[in-house]
Amino acid sequence: MKPNLKVNIGRLKLKNPVLVASGTFGYAEEFSSFIDLKQLGAIVTKTITLRPRQGNLPPRTCETPAGMLNSIGLENPGLRSFLKDKLPRLAAYGVPLIVSISSERDPREFTELARALDKIRSVAAIELNISCPNLGKGTLISQDALATYGVVKEVRKSTKKTLITKLSPNVTSITDIASAAEEAGSDALALINTITGMSIDVASRKPKIAMASGGLSGPAIRPIAVRMVWEVYQKIKIPIIGMGGIIDTDSALEFILAGATAISVGTANFVNPQTTVEIIDGIEDYLKKNKINSLKDLTGSLRC
Amino acid sequence: MIYQTKARIQLNKEINTGYYLCVVKSNEIAKTALPGQFLNIRLTADGSPLLRRPFSIHKVNGRDLEVLYEVVGEGSRIFSQKKPGEYLDVIGPLGNGFSLPTTNDQPRLPLGTQGGQGPTTIIVAGGMGVAPLLYLAEKLAYSLGHMAYSKPLVLIGAKTKNQLLCGKEFKALGCQVKIATDDGSKGFKGRVTDLLKKILPQAISHKPLAIYSCGPRPMLKEICRISNQYDIPAQVSLEEHMACGFGACLGCAVNTIDGYKRVCKDGPVFEAANITWRE
Ligand SMILES: Cc1cc2nc3c(=O)[nH]c(=O)nc-3n(C[C@H](O)[C@H](O)[C@H](O)COP(=O)(O)OP(=O)(O)OC[C@H]3O[C@@H](n4cnc5c(N)ncnc54)[C@H](O)[C@@H]3O)c2cc1C
Ligand SMILES: Cc1cc2nc3c(=O)[nH]c(=O)nc-3n(C[C@H](O)[C@H](O)[C@H](O)COP(=O)(O)O)c2cc1C
Ligand code: FES
């Protein structure tokens with residue numbers, strides 16, 4: 001019998017648990033040469049902001065042991081151009097579409113973006129990328145439980161769409177932020193975003209990327225991500241979308257065993273653009289081999 | 001169309017100390033590859049190093065693609081250890097490629113029938129930048145091939161004569177080749193851009209249609225300046241660190257007069273005049 005890979009994220013029903021991580025899949029069209037996009041559980045877009053952003057100075061990326069640093073700086077065409085130039089094609093793939101949004105200066109931009117997206121049928125869910133500045137403070141919203149609560153609560157009032165809050169690992173207690181997002185009405189959590197890091201070229205004595213520090217991703221961060229998913233799973237009730245260094249079926253299963261309902265493939269899309277579809281097949285094989293009928297029975301089934 | 005394929009290594013040999021030529025078989029990529037396009041090659045399955053490595057398409061030979069590369073770090077070192085019969089995970093052809101003069105450009109060609117005319121195009125290669133330019137020269141040599149003076153003039157620059165590559169191959173296409181070395185161990189002593197400046201005042205009477213160049217960033221900036229001065233359009237092929245190579249990550253940005261562009265997708269070839277040169 002074919003095992004059941006279906007999962008629910010809030011009211012959103014997905015045919016399988018394999019998603020792509022925001023910012024690592026462009027606006028999907030770049031991957032149409034490599035995979036049948038229809039096979040994906042859902043597509044998550046590059047984070048958009050209200051106004052266009054040109055992004056950071058180059059160089060923006062560098063390789064690190066088992067990973068990479070990036071400081072793209074949320075380059076995106078802005079809401080209006082996204083709706084006009086990107087959305088029609090994204091909607092045509094026939095895969096649930098999750099639009100990632102962020103604010104630049106004022107957290108109220110989240111509400112404005114959510115309101116605009118709320119009216120659009122082809123948008124299945126909204127992901128809040130709260131790794132953005134906290135108004136008037138030196139921290140990010142994602143680093144402050146109260147600010148996280150405030151933003152999620154406001155956005156919750158402005159949309160009925162499934163709401164996913166994406167957490168940053170650059171915090172002392174990930175469970176505090178997770179609980180704040182849950183209490184404020186988030187339908188699900190996505191974790192983890194990149195870990196702040198830095199790499200130096202000793203010959204020139206310069207940082208390898210222009211912004212000096214950036215976000216670390218790839219297999220190097222996986223153990224941290226798995227641990228955070230596991231901690232959060234024990235503390236909250238809403239579904240978790242796990243990510244951070246997933247490159248194959250086994251690494252995807254680590255997250256599911258730790259408590260993730262679904263997983264996202266990020267950096268691995270660059271290395272092998274077929275990673276997502278290979279993982280979908282791999283999870284199905286694993287379930288068959290272990291005589292598990294439904295993926296839901298595997299979620300959080302860590303033995304310890 | 002962009003392909004991800006397992007390409008069989010036909011040959012991988014050191015042709016000069018530290019420089020290798022690799023031939024891989026990939027029918028699909030070879031069929032459509034344009035000069036200036038590149039391949040993004042996965043050299044390890046275990047993730048160390050993690051990212052693919054971009055290499056220019058040096059030559060296309062039937063179903064075979066040639067890559068000319070220098071060992072500079074861990075990725076290229078692993079590349080150099082690969083043996084014929086092994087398979088490489090290759091994505092390509094990537095990027096836009098050079099645009100060639102068309103027959104529409106011919107009214108600009110100097111009148112005259114043969115011999116004694118200046119070159120219609122000039123190729124300027126700096127160091128490893130020679131890699132994508134051989135395939136370009138081949139296409140250029142035949143694109144306006146019925147005209148005796150239509151072969152590109154090729155200027156090759158290197159640190160010393162030991163780092164000079166491809167002179168013979170360009171000559172075999174019928175191109176005139178001039179050499180510049182920093183230490184004067186062969187040809188003109190000095191930078192290849194200085195050699196270009198020396199040559200242009202003579203060539204300008206039969207104004208070339210285009211300059212094509214690839215090499216270190218400061219050299220390309222100088223090419224841009226020269227192209228401005230002589231009012232000859234220049235196309236330059238840029239390098240930037242790449243995570244994906246196919247336009248998805250926005251990691252390979254270069255600043256242009258129209259804002260940031262992706263070197264991997266909108267380039268790697270740009271009109272020199274459109275780049276906002278910094279250093
Ligand atoms: C479009 C394009 C075409 C290229 N064509 C050729 C070619 O035909 N022959 C050739 O020898 N080299 C070419 N290069 C440069 C080649 O990609 C680098 O030499 C190679 O990536 C070095 O990898 P490494 O692991 O040996 O070195 P390392 O320095 O250890 O690499 C570390 C990281 O930096 C990146 N990197 C290092 N140098 C460069 C560079 N110059 N450009 C971009 N990324 C770099 C690597 O990809 C890797 O992610 C090209 C680069 C680009 C962008
Ligand atoms: C190049 C790049 C760009 C990214 N852009 C975004 C973004 O726009 N919004 C966001 O929420 N996360 C962004 N991320 C973070 C990823 O979505 C993901 O959370 C992180 O990379 C960890 O997963 P991975 O190790 O599988 O890549 C980006 C990551 C990378 C590597
Ligand atoms: S390398 Fe990813 S967009 Fe160019």
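In what follows, chains are A, B, ... by sequence order, proteins preceding strands, each numbered from 1. Excluded from the calculations below are hydrogen atoms, water molecules and symmetry mates; all remaining heavy atoms, backbone and side chain alike, are included.
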Quick check on [X] against chain B: is it the side chain, the backbone, both or neither that has a heavy atom closer than 4.5 Å?
X	value
A:Gln274	both
A:Thr64	neither
A:Tyr27	neither
A:Ile247	neither
A:Pro65	neither

Where do [X] and [Y] come nearest, in terms of heavy atoms and distance?
X	Y	answer
A:Phe25	B:Ala248	C-CB, 4.4 Å
B:Phe246	A:Phe270	CE2-O, 4.1 Å
A:Glu75	B:Tyr260	OE1-CB, 4.3 Å
A:Pro58	B:Glu240	CB-OE1, 4.4 Å

**Most chain A-contacting option - heavy-atom pairs closer than 4.5 Å, from B:Ser48, B:Ala243, B:Gly47** = B:Ala243

More than 12 non-hydrogen atoms from neighbouring residues, nucleotides or ligands closer than 6.0 Å to [atom1] on [X], yes or no?
X	atom1	answer
A:Arg80	CZ	no
B:Arg191	CZ	no
B:Arg63	CZ	no
A:Arg89	CZ	no
A:Met198	CE	yes
B:Lys82	NZ	yes

**Prompt:** Which atoms of B:Gln4 come close to chain A, meaning under 4.5 Å heavy atom to heavy atom: side chain ones, backbone ones, both, or neither?
**Reply:** both

**Request:** Kindly say whether A:Asn272 contributes a backbone atom to a donor-acceptor pair with the side chain of B:Arg42 at under 3.5 angstrom?
**Result:**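 Checked: no pair found.
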
**Asked** Is a side-chain N or O of A:Glu63 found less than 3.5 angstrom from the main chain of B:Leu51, in a donor-acceptor match?
**Response** yes

Gap between atom [atom2] of [Y] and atom [atom1] of [X] - 0.5 Å precision:
X	Y	atom1	atom2	value
A:Asn56	B:Leu250	CG	CG	11.5 Å
A:Asn269	B:Cys244	CG	SG	9.5 Å
A:Glu30	B:Cys264	CD	SG	9.0 Å

**Which of A:Ser33, A:Ala66, A:Gly23, A:Ser32 touches chain B most, by non-hydrogen pairs under 4.5 Å** =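 Highest number of heavy-atom pairs under 4.5 Å: A:Ser33.
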
**Most chain B-contacting option - heavy-atom pairs closer than 4.5 Å, from A:Gln54, A:Glu29, A:Lys46** =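 Counting heavy-atom pairs under 4.5 Å, the top option is A:Gln54.
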
